[in-house]
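Have a look at the structure below before the remarks.
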Amino acid sequence: VPAALLFDLDETLVVEEPAAVQAFAAAAGHAARLHDLDARELAMAARAHARELWWAAPTHPYCRRVGLSSWEGLWCSFEGEHADTARLRAWAPAYRREAWRRALAQQGVDDAELAEELAARFARERRARHRVFADAEPALRELGAAHTLALVTNGAACLQREKLRSCGLREHFAVVVVAADVGAAKPDAAPFERALEQLGTRDAVMVGDSPEKDVHGAIGAGLRAVWLNRRAAGAPADLPPGVPEIATLSELAGALAALA
Ligand SMILES: [Mg+2]
């Protein structure tokens, strides 16, 4: 029995990208009620323009390094005094406005005020969609009785902690490490190393949905791993041998028993 279990957050415990897609749709739907335009197209355009602006910005290398996505940048509060975080905090309002302004312009709507409103609305709509996978809470409760639990997630420090808190899962974890805390994202070993250091053990198994970030990352850091394959995807050719695959977290206890 491993002493500690490390969990990924996004798409492992909480719904992340689909929640952002819904927030784009909700904000675009508001604009579609005011102007005669296609909400679906506007939502897609906003996401595409956000991505383009995100990649072109001088802040991008840092965001890439810590694993922060363009749509997360649309609602992250960028708290903290770290220089990269402060730079993003100053840059984000114009980024958010401009993504929606360009998306509206593409639909023939020239309305800077509405762009500003949609930027704020997106953040509100995303914050209204903190959703935990149904298998997460029961698994954490059960496994937390036998193991010390840690969270190891990529992304911005304040945003990942906000998701964790808002989802009501914070209490399950003795240790929380976000990539921005260490300046490097999984599969880099740094976030794993920080968690192990804080846990005081190297006897740990990582559980996550990403073969690259969670499985390869953990094994590269000298841990074992379990791959959570929620969508029944084909196993990548380079999935390390002996890594158990589970479809839901309810199978985790069994997979851990088989690992031992
Ligand atoms: Mg994930």
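All of these numbers come straight from a predicted model, not from anything done at the bench. Because only heavy atoms are used, hydrogens play no part in the values below, and waters and symmetry mates are left out as well, while side chains stay in. In listed order, ligands and their atoms are each counted from 1.
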| Is any N, O or S atom of D8 under 2.8 Å away from the Mg ion (ligand 1)? | yes
| field | Under 2.8 Å: N/O/S of D10 next to the Mg ion (ligand 1) | value | yes
| task | Assess the pair W54 and Y95: is the distance between their ring centroids shorter than 6.0 Å? | result | yes
| task | If the plane angle is over 60° it's perpendicular, under 30° parallel, otherwise tilted; pick one for F24 and W100. | result | tilted
| said: Is it the case that the side chains of S77 and E79 hold a donor-acceptor pair, with the cut-off being a distance below 3.5 Å and no angle test? | reply: yes
| query | With ring centroids as reference points, do H82 and Y62 lie under 6.0 angstrom apart? | reply | yes
| request: Check whether any N, O or S atom of D209, backbone or side chain, sits closer than 2.8 Å to the Mg ion (ligand 1). | output: yes
